[in-house]
Amino acid sequence: MRIGITCYPTYGGSGIVATELGLELAARGHEIHFISYANPIRLDPGTPRIHYHEVEVSTYPLFQYPPYCLALASRMAEVAECYELDLLHVHYAIPHSIAALLAKQMTTSRRLPFITTLHGTDITLVGADRSYFPITKFSIEQSDGVTTVSSYLEKQTMEVFGIVKPIRVIHNFVNCELYRPRAERSAGEKRLIHISNFRPVKRVLDCIRILKEVRRAGPVHLLMAGDGPERGPAEMLAHQLGVHRDITFLGKQDHMERLIPQADVLLLPSEMEAFGLAALEGMACGVPPVATLTGGVSELITHGVDGYLAAVGDIATQAGYVTALLTDDALYERVSRAARRSAETRYSTESVIPEYERYYDEVSGGGA
Ligand code: GMT
């Protein structure tokens with residue numbers, strides 16, 4: 001098929017899923033056209049069957065807010081006509097879904113169905129904001145297909161927006177060939193890792209508090225990958241708690257598959273996670289996640305088997321699980337192996353990508 005994909009090209013789960021999906025689909029013979037304002041970060045230029053079309057937003061003194069959504073819709077319609085696209089697949093509802101609806105209506109030479117994939121904050125935070133609510137609901141209802149990354153998010157979408165049309169749940173996936181456990185676990189200092197966009201919803205400060213507790217049992221280092229508004233407060237707290245020398249703030253990183261295997265445990269203390277892609281990447285690398293029982297995380301992690309779950313904000317319990325993993329080698333081996341096995345058997349690209357292909361086929365009327 002010839003598929004147009006639109007996503008936020010920056011760091012963030014929805015953009016990563018969209019980019020990896022495009023790459024996997026191209027490897028399976030589909031022609032993929034990314035339409036966005038920048039080249040998605042994990043997209044290698046020159047990959048066969050991958051095209052990138054930049055959306056240029058011209059500014060004019062009259063525009064206090066340059067209308068990206070309109071420029072995007074125009075570009076989508078142009079690309080659809082020129083490259084004879086079979087469908088558009090947009091990731092993150094706002095504003096991509098309404099832009100796709102406009103592009104569909106502008107495209108008169110062919111049918112141009114579009115699928116909206118909801119990732120989390122587009123429903124739970126941003127979409128439920130009063131100013132975005134009506135247009136988000138409308139664009140979901142007008143989509144030819146809707147997917148969510150967890151059953152939790154499916155229920156939220158139905159409840160919050162009163163959506164009655166069927167929604168397809170297609171979980172996040174991971175490339176288990178790329179994300180692999182390291183050959184041997186080093187006997188030296190233990191390492192924790194946290195990966196996020198450092199937004200308040202991630203509760204980044206909890207990682208610092210967990211480290212403070214875990215250090216009581218022995219030396220531990222915390223790798224903080226990513227950047228965002230909570231980085232400054234996290235650095236301040238690290239100083240206040242006297243653990244700043246045990247933390248490295250790495251900033252934004254491109255190659256998580258190289259970084260994660262260097263750690264022993266992954267921290268995901270989020271207030272809300274529709275799925276928890278970072279935890280899945282950790283599991284594929286045999287790095288057990290200690291996460292919070294929120295949103296769709298329990299669809300991914302089986303507590304006490306392939307990771308641990310605790311209440312949001314319960315630092316003592318999360319620190320207790322981390323300490324248990326770091327101090328009991330037999331427990332660590334068991335959970336680490338189970339984590340890798342779950343990623344391979346339930347969330348590998350081989351099992352999840354065909355679910356998208358089948359859905360494309362259904363939505364486009366069997367043309368795949
Ligand atoms: O919170 C993020 O990391 C960014 C956000 C996004 O949409 O870019 O991530 C959401 O999508 C990911 C991929 O589907 C999910 O794994 C995350 O759980 C989800 N984040 C939240 O729901 C807070």
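Everything numeric here is computed off the predicted structure, so don't read it as measured data. We count ligands from 1, going down the list as the structure has it; atoms in each ligand are counted the same way.
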Chi angles and distances behind the side-chain hydrogen bond (donor to acceptor under 3.5 Å, both in side chains) call for Thr292, Ser270: CA-CA 6 Å; Thr292 39; Ser270 304; 5.1 Å; no

Could you pull out every protein residue that has a heavy atom closer than 4.0 Å to ligand 1, ordered by chain and then number? Gly12, Gly13, Ser14, Val17, Tyr92, His119, Gly120, Thr121, Val149, Asn172, Asn197, Arg199, Lys202, Met272, Glu273, Ala274, Phe275, Gly276, Leu277

Can we say Arg358 and Asp361 salt-bridge, meaning some charged N sits less than 4.0 Å from an Asp/Glu carboxylate O? no

For the ring pair His96 and Phe114, is the centre-to-centre distance below 6.0 Å? no

Could you go through residues 151-165 and list every donor-acceptor pair under 3.5 Å that involves a side-chain atom there, pairing it with any protein atom two or more places apart or in another chain?
residue	atom	partner	partner atom	Å
Thr157	OG1	Leu153	O	2.6
Lys165	NZ	Glu141	O	3.0
Lys165	NZ	Ser143	O	2.3

In chain order, what residues pass the side-chain contact (heavy atoms from CB on, under 4.5 Å) check against Ser348, with sequence neighbours excluded? Cys176, Glu350, Ser351

Please report, to 0.1 Å, the donor-acceptor pairs under 3.5 Å made by any side chain of residues 13-25, with sequence neighbours excluded.
residue	atom	partner	partner atom	Å
Thr19	OG1	Gly15	O	2.6
Glu20	OE2	Arg42	NH1	3.0
Glu24	OE2	Asn175	ND2	3.3

